[in-house]
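Notes to accompany the following structure.
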Amino acid sequence: MKKTTLNLTLFILTLLVVVLSILGPEALAEYKDKAVLNRIQVEEEETGSEGYRYRLSSNEKLYILSQCLNNQTLPESEKSALTRETDTTYQDLTGTYAFVVNRKGPSGKEITDEEIYATANDGLKALKELGILPEEIRDVQASSYEATLYSAIDVPEPRNNVAVWKLSLLGGLQNADKSNRLIDAYIDADDGKIYEFYVRSQLGWEDIDTDELIEKWSDYMGLRAPEEYETDNPLLETTPYYKKYAFSGMGGDRTIVTIGFYDGINELFLKISK
């Protein structure tokens, strides 16, 4: 009796397994179809369109920006500009790297034109607290500065791009008192970090410890430590007061960062280049 009951139970279980194996997949597919049919499905898609950027490391962002800046006229003080006969107007460029005006404006993820001045002042405050800039540097005002949003683009890989704000003292203030003021700066449009700056202060070149300054700036930017960089070309700078450092870049290449000083106008600068 027990053996007959056991055999019957096994037969029923086997029959259920066979039925489920035949009808189960079809029933499951029908259920899934009902869940998605006649409903709009929205998915985020990664494309190469403008505005999308891969998450780059700090060293990679610095490298891309430096390459782009080397394809156009760099910001510089009046004194250094006297040695050049170039037009300081930025233009849309093509090639391996391009530095172009972002005419569409912030995408919604970047710092807006209404926020950039407060962001710049936060950046200046951070640099002062770190001892990179002297305390007497004044805050920037919207009425005295011009802010322009740029895109630094790796043309063969356009999704590798860096959005930056360029902040400059207005040209109409050429005869104004520039002591203790920011003259030019490049500011990351995502996190507000200050890549490059030119400032007037009361400091002299002898007051500036470039090794300490670059170490603090590297930590502030989240960069891996640099090495000292020696150059044989004395024409690279229009001042004898400077020191260069090399950061790792992309593809085995590197980014050169220069800390320098224009005597007479007491202008300290940190700029990025090849």
Side-chain angles (χ1 to χ4, degrees), residues 41-76 86-117 119-120 123 145-168 184-198 217-218 220-224 226 229 236 244-258 270-274:
Q41 304 294 316
V42 179
E43 295 183 1
E44 291 186 4
E45 181 180 2
E46 293 184 358
T47 67
S49 61
E50 183 180 353
Y52 177 79
R53 296 194 299 279
Y54 284 123
R55 186 175 294 278
L56 301 166
S57 70
S58 297
N59 283 73
E60 289 171 334
K61 292 171 73 174
L62 185 73
Y63 177 79
I64 290 172
L65 181 57
S66 73
Q67 296 298 309
C68 293
L69 290 178
N70 275 281
N71 284 290
Q72 49 83 57
T73 304
L74 294 170
E76 52 191 12
T86 56
D87 182 7
T88 56
T89 301
Y90 291 90
Q91 298 179 2
D92 292 354
L93 302 173
T94 59
T96 305
Y97 292 93
F99 192 66
V100 298
V101 176
N102 186 333
R103 303 189 186 282
K104 293 184 178 180
S107 67
K109 297 180 181 179
E110 295 96 0
I111 295 165
T112 67
D113 47 358
E114 291 85 7
E115 299 168 333
I116 184 56
Y117 298 101
T119 300
Y145 288 83
E146 178 182 18
T148 307
L149 182 62
Y150 289 90
S151 293
I153 305 170
D154 178 355
V155 177
E157 292 290 340
R159 289 175 292 182
N160 290 345
N161 64 88
V162 183
V164 294
W165 282 97
K166 180 177 183 290
L167 202 64
S168 299
D184 280 300
Y186 281 112
I187 302 171
D188 192 294
D190 291 326
D191 59 22
K193 294 292 182 67
I194 298 178
Y195 285 104
E196 180 171 305
F197 59 79
Y198 290 72
W217 182 78
S218 300
Y220 161 77
M221 294 297 300
L223 298 165
R224 293 190 291 274
Y229 176 77
L236 286 176
K244 293 180 177 289
Y245 300 86
F247 289 85
S248 61
M250 298 175 68
D253 209 346
R254 58 190 175 182
T255 305
I256 306 304
V257 173
T258 304
L270 183 151
K271 70 175 182 178
I272 60 176
S273 59
K274 289 183 181 177

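- For Pro158 against Ile153, the heavy-atom pair with the smallest separation is CA-CG2, 3.8 Å.
- To the nearest 0.5 Å, atom CE of residue Met250 and atom OG of residue Ser57 are 7.5 Å apart.
- Minimum heavy-atom separation, Ala120 to Leu167: CB-CD2, 3.6 Å.
- By the 4.5 Å heavy-atom criterion applied to side chains, Leu223 and Trp217 are counted as neighbours.
- You'll find the side chain of Asp191 reaches within 4.5 Å of the side chain of Lys61, heavy atoms only.
- Of the residues listed (Leu69, Val162, Leu270), the one engaging Tyr195 in a side chain to side chain contact (heavy atoms under 4.5 Å, CB included) is Val162, and it is the only one.
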(request) Would you sort out whether Ile272 and Tyr63 count as a side-chain contact (heavy atoms from CB on, under 4.5 Å), showing the intermediate values? (result) CA-CA 9 Å; Ile272 60 176; Tyr63 177 79; over 6 Å; no
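- The shortest heavy-atom contact between Leu65 and Ala152 is CD1-CB, 3.9 Å.
- Rounded to the nearest 0.5 angstrom, Met221 CE and Asn59 CG are separated by 9.5 Å.
- With rounding to the nearest 0.5 angstrom, the CZ atom of Phe247 is 10.5 Å from the OG atom of Ser58.
- At least one side-chain heavy atom of Leu62 sits under 4.5 Å from a side-chain heavy atom of Val257.
- Here the straight-line distance linking atom CD1 of Ile187 with atom CG of Leu149 works out to 11.5 Å at 0.5 Å rounding.
- Here the straight-line distance linking atom CG of Asp188 with atom CH2 of Trp165 works out to 12.5 Å at 0.5 Å rounding.
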(request) Could you check Lys166 against Asp184 for salt bridge (Lys or Arg N to Asp or Glu O under 4.0 Å), going step by step and ending with a plain yes or no? (result) CA-CA 7 Å; Lys166 180 177 183 290; Asp184 280 300; 3.3 Å; yes
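- A distance of 10.5 Å separates OG1 of Thr148 from CG of Asp113, quoted to the nearest 0.5 Å.
- In terms of heavy atoms, Tyr245 sits closest to Pro226 at CB-CB, 4.0 Å.
- Nearest heavy atom pair, residue Ser66 against residue Asn70, reads O-ND2, 2.7 Å.
- One N or O on the side chain of Lys193 and one on the backbone of Tyr220 form a donor-acceptor pair closer than 3.5 Å.
- Residues passing the salt bridge (Lys or Arg N to Asp or Glu O under 4.0 Å) test with Lys244 are Glu237, sequence neighbours excluded.
- Here the closest non-hydrogen pair linking Lys271 and Tyr198 is CD-OH, 3.6 Å.
- Looking at Tyr117, its side chain does come within 3.5 Å of a backbone N or O of Tyr145 through a donor-acceptor pair.
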